[in-house]
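Notes to accompany the following structure.
Side chains included, hydrogens not; waters and symmetry mates left out as well; all remaining heavy atoms used. Chain A is the first sequence line, chain B the second, and so forth, proteins listed ahead of strands; every chain is numbered from 1.
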Amino acid sequence: MDRECVSLLPRVCEVLAASGSSLPDDTSLEKLLDWFTGLTKAGTSLLESCPCLLEFISTVVHNTALDPSILSFTLRLTGFVAVTEVAFKVLQESSVLDLVFNLQHWQEAGLWEDPCIRIGWIQGLRTMMQHPKALSFFVQADFLQPLLQLQTDKSLFVASAANQMLAHVLLSCQSVSSVGSNDVDEEGEDVGRSGGSIADLEYSAVTVETNQDYAAVVTAISECLKKSLVPRENTQLHQSLQILKLLALLLAQTRPPLWEKLLQMVADSVDELLVAGYSQLILPLMDVILAAYSCDVNRRAPDQRVSRLLSFMLNIRKPADLIQAAAAFLRRGLHDLVHTAQSARVLLLPLDIITGLNLLTTTADEQRFLMMEQLKNKTSCISLICVCLTNTPQMTLMAADCLPCPPVLIVTAVLSLLKLCSGDSSSPSSSSSGCREVSRNVIGSSKVQKCALDALTALSGSPGVEVKLAEVFTLLVQCLDNPDSDPTVLQKSFQALVQWMSVCSDLSSITDQHRQDLLQVVRKRSCDIRWEVRDSTVEFLGRLAGVRVIQTTAEEASDASVAVLGGCCFTTPLLRAALQDTESYVRASAISALAQTLAASWQQGAALTQEQTEIVNQLLEVLSWDTEGFARRAVVRYFIAWLSSMSSHSCVQSPASSSLLMPSVRSVLSRGSADLDWEVKVHTLELAELLLDEAFSGQRGYTKGNPTQTHPYAVIPNTLHTRTHNEEDVVGVLNSLVQWGVVSALLSGLVDCDRPVALRACRLLITLREVVCPLSLGALDATAAMATVARVTCELPGCGWAREIRKMLVMKAKDANAEGGVSGGEVVNCDDCGEAGQEAASVGGQTPCVSVCEVLRSLDLDERLDVLTRSSDHVHNSPLSLLQDILTASSARSQPDTQQEVIADCY
Amino acid sequence: MKLYCLSGHPTLPCNVLKFKSTTIMLDCGLDTTSVLNFLPLPLVHSPRLSKLPGWISKDGTINLEKELKDCAGRVFVDSQPEFCLPERELLDLSTIDVILISNYHCMMALPYITEHTGFTGTVYATEPTLQIGRLLMEEVVNFMERVPKAQSATCWKNKEIQRMLPGPLKDAVDVWTWKRCYSMQEVNSALSKVQLVGYSQKVELFGAVQVSPLSSGYSLGSSNWIIQSHHEKVSYVSGSSLLTTHPQPMDQSSLKNSDVLILTGLTQMPTANPDGMLGEFCSNLAMTIRAGGNVLVPCYSSGVIYDLLECLYQFIESASLGTTPFYFISPVANSSLEFSQIFAEWLCHNKQTKVYLPEPPFPHAELIQTNKLKHYPSIHGDFSSEFRQPCVVFTGHPSLRFGDVVHFMELWGKSSLNTIIFTEPDFSYLDALAPYQPLAMKCVYCPIDTRLNFHQVSKLLKEVQPLHVVCPEQYTQPPLTQSHRSDLMLELQPPPMPYRRCSVLNLPFRRRYERVYILPELANSLVPSEIKPGVSVATVSAVVHSKDNKHTLQSVPKPPPVAPSKKRKRVMDEPPVVLAPKPLLSGAVPLEAFLATLQKHGITEVKVEETADGHILHLQAEDTLIQLEEDGTHIVCDNNEPLRTTLRDLVLRFLQKL
């Protein structure tokens with residue numbers, strides 16, 4: 001703990017304890033508590049390191065006239081102080097503890113009405129309750145009843161905290177009792193899950209007597225659960241809801257003896273609640289049952305009672321509740337064949353009814369009838385169908401024997417539903433009038449369409465559905481062509497199409513007509529009036545290029561873009577047109593899509609076409625002129641993609657392929673590092689990093705990526721050391737890095753005002769330094785050992801960043817001179833780097849040059865990295881500044897004259 | 001109350017309402033779909049159309065070579081196109097008192113009704129309706145008169161011959177009533193009968209009913225009408241829209257509490273959402289221009305075109321179409337574009353506020369200023385020198401049978417680069433294109449119909465809750481091609497009353513009340529007596545005076561003092577004897593009190609019998625019956641007049657007299 005903080009704390013306590021003192025802002029107390037939490041977690045004993053706290057607590061607790069927020073703070077603080085048994089004893093002996101948590105004390109002062117006092121009381125107790133002494137204190141003070149009452153408090157926060165607290169108490173009692181009875185369960189992790197429950201208790205402290213106390217607590221809580229579970233009237237639903245939440249919490253965490261007991265106590269009440277059929281309680285009830293069930297299933301054969309409850313839930317009469325219950329069960333992903341199959345049947349029933357397809361061979365007529373009636377109402381129809389569709393992906397994960405019908409049939413049903421949505425008549429359901437009444441509810445509903453498309457996408461991976469590819473393709477193209485489809489529907493249709501093609505890979509079922517239709521619709525959508533649609537279309541073109549498929553005739557693999565759209569000759573003109581779009585998102589997507597489309601030809605090392613050259617020029621123009629950051633970022637990413645796909649062929653060195661790439665990269669580096677958008681600059685540095693990687697891969701001392709992130713003890717593979725460059729090589733590489741502008745980009749990044757940019761540049765510069773001229777060599781050795789390397793220079797032009805760098809170098813040189821150090825003064829060739837010198841340099845047409853090595857060694861990069869790694873508000877966020885703020889605010893308050901003067905000044 | 005339906009077309013209605021003593025025509029729409037049976041009228045000589053083979057029946061018995069031509073596998077009438085008029089035989093059109101026009105599309109038959117039928121009444125319409133209606137009429141007349149056709153085909157209309165004709169001609173109805181287009185003179189004469197009205201202005205018709213136009217939100221100056229008397233209200237809803245386009249929004253609340261609501265002019269394209277279609281229009285347009293083709297948009301010269309231009313104004317930039325020229329060709333193009341800018345008070349709020357800035361309410365002004373949109377009266381003249389391709393051309397007529405569009409069809413039809421985009425929903429695009437087949441040009445159908453759809457109308461009706469709804473029969477069942485779409489029809493309780501061409505409907509409500517005024521001096525003389533708390537009754541003796549459908553009660557004139565005359569009076573001249581009216585009785589006879597009274601008068605032997613309606617008292621000694629019933633009292637007493645009188649007086653004691 002900071003010494004300075006400790007010295008300030010007593011005064012802060014005085015300020016807080018003094019009535020009427022103000023705080024800098026309303027989060028100060030929370031921040032203080034956060035600080036204490038951190039200290040407690042680090043194992044500091046608060047009472048030992050800050051003895052003033054005891055006095056503070058006892059002063060405050062007597063002064064009920066204080067601001068309730070300070071009182072609440074004190075209650076919670078007491079919890080932290082008493083977290084260790086020793087401190088607890090001290091507090092108890094000084095009789096502070098009894099008063100702090102004395103309910104009557106607060107009630108008499110009329111403060112209990114304030115929710116912040118109630119929540120302070122609960123949280124203080126909760127924090128403290130980490131040892132048996134605290135538990136005993138809780139039991140003996142008989143806090144259980146008030147806590148149970150707080151569970152239905154009108155403040156939601158209080159009620160929820162009370163619930164958590166009750167669970168905590170019960171679990172604590174459980175651990176203590178089980179320790180006492182020597183019945184330690186092998187599953188220690190259960191205890192761990194309960195948060196701060198008691199794991200390392202002093203077993204000997206638990207006497208038989210306390211054990212009985214705990215048993216009484218457990219009984220009292222279970223009795224309360226049993227009693228308050230079933231609401232007497234509708235107004236008590238809230239109470240039942242709270243109890244159910246608590247029960248779910250408990251059943252998930254308790255272990256057998258208590259678990260059994262709890263279950264036994266509440267089973268009848270749960271039964272009663274089920275029969276009463278309150279729709280609002282369905283989900284919490286299901287949570288309880290599932291909590292019990294999943295615990296149970298994990299342990300041994302399922303408990304008969306729980307299974308029965310579950311079966312009951314999956315057969316409720318109210319269709320909306322039934323669907324909710326089934327969905328909740330399925331979401332848990334439990335390995336229970338019977339109930340999973342049952343849930344699947346329930347969830348497929350609405351689809352079965354609305355599409356008229358026989359998805360389910362057997363369903364109770366009554367259930368079907370009730371569901372049909374429910375579906376005739378438009379609002380509930382749409383919500384029911386959507387719940388079913390959202391859970392369809394879960395069904396695809398199920399074992400085949402659980403599904404009531406093959407996945408192909410589900411795909412057919414979803415397709416038929418989509419047709420209904422667009423008002424298509426070809427659905428078989430049109431035969432019965434009931435179905436017709438239901439099916440007209442979904443006509444034109446884009447909500448259902450979206451869910452259905454999501455489901456369709458998820459279903460693409462199910463076994464045996466490939467046969468549906470052509471049908472899915474047709475329908476999705478129809479969706480895309482429909483003038484009424486909303487932008488999200490179109491986006492999802494595009495995504496589904498890509499997904500199906502990537503999963504099915506064999507496109508032999510796609511006919512020429514299909515292809516023509518898709519071409520037509522893509523062409524149309526790329527001219528859509530809504531930018532979102534144009535954006536999704538462009539994205540689709542890019543994604544499609546990344547999907548590998550097998551083509552009809554030659555069985556050879558190609559990308560889907562080639563297979564269905566005819567490849568670049570169709571997509572590239574569309575994407576180039578999209579580069580002119582007025583919406584920057586579309587331009588950005590078009591650039592990424594171009595990169596994806598051309599990736600294949602880059603990887604194959606194909607010669608550049610005239611079109612590609614034009615594209616590169618267009619992109620460089622975008623980087624220079626586009627007003628929006630998105631497009632410019634995308635351009636840099638384009639070159640990153642290009643460069644990284646080429647680097648595997650080590651094209652950087654090959655003059656033929658790099659004829660266009662390297663000059664472009666050079667201009668990207670210079671334009672990108674001068675960009676106004678920090679993300680563009682970060683991407684530019686990524687490009688620079690790629691070049692570094694390429695240049696030094698395998699070089700001694702070069703670690704790819706982030707040097708600070710590598711583990712200090714990590715084993716560096718020997719292979720990295722094998723390839724040693726001689727100095728000449730390094731000189732060559734370094735020279736080319738300077739020529740490409742990598743070094744300038746890194747240096748300009750280093751002095752950037754955006755922290756992420758500077759941080760990244762700094763790390764890369766350190767990496768470069770470690771390869772070229774490691775500091776470990778010492779200044780003299782370095783000069784001697786790398787005489788040639790040191791001759792590599794880079795230019796520092798007259799612009800902003802270079803001036804900064806020069807200033808830093810001059811400062812460094814002066815420092816070195818002052819210390820009487822070695823020849824640091826000759827770092828910068830141009831002698832005087834003041835304003836006059838710079839002007840002279842630029843007038844003379846000469847740009848001053850500096851030695852790269854010297855720059856790297858002189859910039860104090862490590863120190864800079866240290867500063868940059870800290871967050872920008874680290875000074876303001878420290879506990880010290882918090883304490884100082886509190887003191888300053890109070891002194892401002894105590895000297896009202898000055899404040900008045902300030903106000904007068906304002907006028 | 002009766003409704004005569006003279007047109008079966010749901011969006012081009014023509015109905016006549018007889019209400020109280022007035023005869024009101026509601027709209028007079030002209031069904032122009034008949035022109036699809038005729039050959040196009042080319043502006044410049046078309047070798048293709050002039051060389052078409054004449055039609056001879058297969059067996060050679062009927063030879064109509066001169067009148068019918070075989071074109072692209074279909075038979076067309078080679079004559080000046082003709083229109084299908086509203087029914088004129090169902091009732092005497094000269095008896096019509098007024099014609100209420102709801103929007104400029106629904107007045108195109110006006111000259112046929114007001115001229116040559118003996119019509120002497122008044123036509124009511126809003127100013128934009130009149131002005132733009134005039135433009136549309138002028139345009140059609142101009143299109144027709146520009147390319148006169150000497151020949152008028154009539155033989156094919158012979159019933160015997162028509163039966164033998166192929167294709168759609170055989171099934172065309174009422175071909176004998178089809179008429180050629182009117183002349184400009186007739187248009188002017190018809191429009192001179194129009195009286196302008198403003199929204200919510202109340203117009204008295206003969207004191208019997210009041211009519212008032214309400215904004216309907218469909219087009220500039222479009223209106224629905226309220227026709228009401230003191231106790232009845234009929235709403236006429238025609239061509240209304242709830243979408244936010246350029247016109248003032250629809251006034252819905254004034255339609256509330258109607259006894260009858262006549263509903264016409266719903267969207268012709270219930271499955272095509274206007275927003276979606278607008279998007280479709282733009283993307284197809286951009287696609288064609290990018291590929292180097294031209295776009296042809298056959299359209300009316302007013303209405304949706306303003307919205308299209310506004311949409312394009314925003315779209316041009318994002319689709320990089322800034323340099324593409326847009327041409328609007330119509331004899332009335334200039335007037336239409338300018339008129340739209342001056343009807344500020346008829347525009348939606350947004351556009352109205354622009355006028356105060358001041359800025360033109362429609363952005364097409366800027367398109368014209370920047371030379372992106374150019375307009376010409378026809379393809380002749382300036383246009384031919386400025387014409388640049390690829391371009392977008394807006395021109396009429398949407399039927400593709402006359403107007404400048406015919407020329408562009410001939411010009412661009414052969415290239416697959418070009419696209420024709422149909423935006424008007426009035427004509428089937430396949431029928432419109434029939435004489436131009438085979439066509440290489442791409443065709444896109446995006447009908448933009450902003451009128452109410454079934455969903456909107458059922459919501460509207462739920463809100464305004466009319467007692468009865470009358471509508472064209474087409475709205476009471478799903479469209480023929482989509483019989484499963486039960487959402488595309490009106491489902492109401494009670495079900496709507498359907499009508500078709502030539503229906504005469506007895507509207508299902510009876511007039512029960514009429515308002516009558518009492519003159520002050522007569523009112524002064526009344527002596528009300530309270531029969532129960534809050535309700536007073538008085539008898540009135542007066543003379544009813546009716547004039548202009550207003551009824552007034554006046555005091556009975558005193559008989560003039562009889563002049564002493566020696567002449568023998570004729571019986572006829574005697575003033576009618578005005579007898580003081582007998583007092584009216586009210587109240588009920590309480591049984592117990594009545595029995596007590598009888599007893600006082602010495603009638604003791606009374607046997608009381610209870611009946612369904614009251615009691616029968618049998619006065620045994622007197623052998624007399626008194627029937628006391630809810631609505632009558634009878635004393636049956638044979639030959640004992642004094643007793644009857646006594647009994648009557650006893651009964652009267654319990655009753656109130658007025």
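- The minimum heavy-atom distance between Gly423(A) and Arg485(B), with the atom names listed, is CA-NH1, 3.3 Å.
- Contacts between Arg534(A) and chain B at a heavy-atom distance below 4.5 Å involve the side chain alone, from C-beta outward.
- Heavy atoms from other residues, nucleotides or ligands lying under 6.0 Å from NZ of Lys459(B) number 12 at most.
- Summarising the geometry, atom CG belonging to Asn273(B) is positioned 9.5 Å from atom CG belonging to Asn482(A); distances are rounded to the nearest 0.5 Å.
- At a 4.5 Å heavy-atom cutoff, the contact between Ser320(B) and chain A is made by side-chain atoms alone.
- Separation of atoms CG (Asn284(B)) and CZ (Arg523(A)) is listed at 11.5 Å; rounding is to 0.5 Å.
- The heavy-atom pair separating Asp484(A) from Gly276(B) by the smallest distance is OD1-CA, 3.9 Å.
- A pairwise comparison of heavy atoms in Cys527(A) and Ala286(B) identifies CB-CB, 3.8 Å as the closest pair.
- Pairing each heavy atom of Ser526(A) with each of Arg290(B), the nearest pair is O-NH1, 4.1 Å.
- Contact check for Arg440(A) versus His484(B): no side-chain heavy atoms found under the 4.5 Å cut-off.
- When Gln314(B), Gln482(B), Glu491(B) are compared by the number of non-hydrogen pairs under 4.5 Å with chain A, Glu491(B) comes out ahead.
- Among the candidates Val586(A), Ile443(A), Asp481(A), the residue making the largest number of heavy-atom pairs closer than 4.5 Å to chain B is Ile443(A).
- Within 6.0 Å of OH in Tyr445(B) there are more than 12 heavy atoms belonging to other residues, nucleotides or ligands.
- Separation of atoms CD (Glu280(B)) and CG (Asp528(A)) is listed at 8.0 Å; rounding is to 0.5 Å.
- Taken from CD in Gln580(A) to CD in Glu317(B), the straight-line distance is 12.5 Å, to the nearest 0.5 Å.
- Of all heavy-atom pairs spanning Ile529(A) and Cys311(B), the tightest one is CD1-SG, 3.4 Å.
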